[in-house]
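Okay, structure first, notes after.
Given the structure is predicted, the values throughout are model-derived calculations rather than measurements. First listed ligand is number 1; within each ligand, the first listed atom is number 1.
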Amino acid sequence: MAEALKIGVAGLGTVGTSVVQLLEKHGEQIARKTGTAATVSAVSARDRSKDRGIDVSACAWFSDPVEMAKSADIDIYVELIGGESGAAEDSVRAALERGVHVVTANKALLARHGVELAELADTNNAALNYEAAVAGGIPIVKTLRESMSGNDISRVYGILNGTCNYILTRMEAEGISFEDCLADAQRLGYAEADPTFDIEGNDTAHKLAILTSLAFGTKISSDNIYMEGITSITTADIQAADELGFRIKLLGVAQRTDTGIEQRVHPTMVPKSSAIARIDGVLNAVAADGDFVGEIVLVGPGAGGNATASSVVADIADVARGDRTSALGMPARDLKDYQRARMRLHEGGYYIRLSVFDRPGAFAEIARCMGDAGISLESIVQKRQSAEEPPASGNTEPPQPVILITYETTEVAIKEALDVIMSKGVVAEPPQMIRIEKLN
Ligand code: NAP
Ligand code: HSE
């Protein structure tokens, strides 16, 4: 067996501790499979005195991860700190500059600096592996980068955030409040250090930026990805979706269109009959459409220490085996700039929930506004509100929830129609609008 590789693990939180545990439990089996042992010889975190339930007393301790990354005693630097800059970025750069292989789960870092870091890895003949950065335990990076490399990919999409899927699933199934579901996701180690990254869609956008690059051979860019999180989703929307044959999922979608690559993150109505509708809890699903293979869908746990450690250790095993694939599937200098399709040109069906004043002519006004914008309605459902609910301030007639489902139209037409409806004074509050995705 080749000489053992020495691993430095920076970050001993949810993922870092699971990685140490996994290597301790399965280290020998991995060594047999790869032909090279890989053992944790150094660690770094902020608080040395914290009880983490793991024994790292035999490892060198570094309070500064950059120093660890620069240490001559490290062959593989595993970054599990998080964040797009600061210690995570500095230490990864330091490792790559020295030609030390890097494994990271940090999608924020890759979404911001992925191309530069991939170039640095290419220049210094080092691996930059990051399977855990997208969809936790699902091997989608390897699938796109290696297994689907013979295909032209037209679309990649999926449920990419475990925290949001966990929240939406429990709100629907158990009627638990958004806040309580989020607190549970944090307790279970699914959420980011700053959970607004999960619930506002940033984390999904970071992952989508990476997937877009892998799928289309483009530079990574997370700026200006169209992004809406799940904070505006109410139990009224979840119930209405259920009654209309949909479920609500936070999707990230990147697809080729005639005007460029469309990249969007938003809550989405998906048909209950679709495969994606059945992805519950912390599970993620990622689908990619290849011209030769057709659609491939991968499902698995998208967050949590053990699932994420599984991907981190697979990346370590690739290094131990001597596998070297360019970080983004091709030399970083060959990645292309790309044209992003404008969201206003997005085409699809829409769910719209209006709170309509119950007075003569209000419905006719709404229908006229939609018709004037060239929007055809597939269905209109009026849901009688309970008498206890007070009327909106300044109005005597209690507003009634009305749900519209449109046929396919454009984003710009919907936005214009809703602006006109608002200006007519027939609705009590800004409309709720959720895009509908046609899926199998
Ligand atoms: P976490 O539980 O918050 O752990 C972060 C660790 O980094 C802690 O051990 C912390 O030390 C350490 N740290 C913070 N700043 C440091 C610094 N300046 N120097 C040295 N150590 C520092 O985070 P996590 O959930 O394990 O996530 C780690 C990374 O994996 C993030 O990039 C995250 O996005 C990614 N990821 C997480 C999951 C998941 O399910 N949790 C899944 C996929 C990817 P102390 O413990 O001493 O405070
Ligand atoms: N916070 C992330 C999520 C962790 O919930 O999906 C996995 O990337």
Got a salt bridge between Asp318 and Arg324, using NZ or NE/NH1/NH2 to carboxylate O under 4.0 Å? no
Would you mind checking which non-hydrogen protein atom is closest to atom 8 (O) of ligand 2, with the distance to 0.1 Å? Lys107 NZ, 2.5 Å
Between Lys415 and Asp419, does any NZ, NE, NH1 or NH2 come within less than 4.0 Å of an OD or OE carboxylate oxygen? no
Using atom types as modelled and distance alone, determine if a side-chain donor or acceptor of Ser177 lies under 3.5 Å from a backbone N or O of Asp180. yes
Evaluating non-hydrogen atoms only, which member of Gly302, Ala307, Gly137, Ser311 is closest to atom 7 (C) of ligand 2? Gly302
Ranked by distance from atom 32 (O) of ligand 1, the top protein heavy atom is Gly82 CA, 3.2 Å
Heavy atoms from other residues, nucleotides or ligands near NZ of Lys33 exceed 12 (cutoff 6.0 Å): no
Below the 3.5 angstrom mark, is there an N/O of Lys107, backbone or side chain, next to an N/O of ligand 1? yes
What are the atoms of ligand 2, with element, lying closer than 4.0 Å to any heavy atom of Asp203? 2 (C), 6 (O)
among protein heavy atoms, the one nearest atom 30 (O) of ligand 1 is Ala105 CB, 3.5 Å
Among protein heavy atoms, which sits nearest to atom 43 (C) of ligand 1, and what does the distance come to when rounded to 0.1 Å? Thr308 CG2, 3.3 Å
Side chain of Thr36, backbone of Ala320: donor and acceptor closer than 3.5 Å? yes
Just distances here: any N/O of Gly13 and N/O of ligand 1 closer than 3.5 Å? yes
May I ask whether Ala191 places a heavy atom under 4.0 Å from ligand 2? yes
Would you say Ala193 has any N or O atom under 3.5 Å from an N or O of ligand 1, going by distance alone? no
N/O of Gly304 under 3.5 Å from N/O of ligand 1, yes or no? yes
What part of Pro65, side chain, backbone, both or neither, has a heavy atom within less than 4.0 angstrom of ligand 1? side chain
Report yes or no: does a heavy atom of Arg48 sit under 4.0 Å from some atom of ligand 1? no
Mind checking whether Arg52 has a heavy atom under 4.0 Å from ligand 1? yes
Give yes if a backbone or side-chain nitrogen or oxygen of Gly162 is under 3.5 Å from a nitrogen or oxygen of ligand 2, and no if not. yes
For atom 5 (O) of ligand 2, what's the nearest protein heavy atom and its distance? Thr163 OG1, 2.6 Å
Does the side-chain hydrogen bond (donor to acceptor under 3.5 Å, both in side chains) test come out yes or no for Ser18 and Asn306, once each step is laid out? CA-CA 6 Å; Ser18 286; Asn306 286 354; 3.2 Å; yes
Once you restrict to heavy atoms under 4.0 Å, what part of Ala87 touches ligand 1? Side chain, backbone, both or neither. side chain
With heavy atoms and a 4.0 Å threshold, my read on which part of Ala132 contacts ligand 1 is backbone
With a 3.5 Å distance limit and no angle check, can you tell me whether Asp122 reaches the backbone of Ala332 through a side-chain donor-acceptor pair? yes
Given Asn129, which partner from the list Val141, Val319, Val312 fulfils the side-chain contact (heavy atoms from CB on, under 4.5 Å) test? Val319
Any nitrogen or oxygen of Asn284, side chain or backbone, less than 3.5 Å from one on ligand 2? no
Going by the angle between their ring planes, with limits at 30° and 60°, are Tyr166 and Tyr190 parallel, tilted or perpendicular? perpendicular
Applying the side chain to side chain donor-acceptor pair (under 3.5 Å) criterion to Tyr338, which one of Gln263, Lys219, Arg256 satisfies it? Gln263
Could you tell me whether ligand 1 has any atom less than 4.0 Å away from a heavy atom of Gly189? yes
Where on Val15 is there a heavy atom closer than 4.0 Å to ligand 1, on the side chain, on the backbone, on both, or on neither? both
SB check Glu119 Arg333 (cutoff 4.0 Å): no
Using a 3.5 Å distance criterion without hydrogens, assess whether the side chain of Thr259 forms a donor-acceptor pair with backbone atoms of Ala341. no
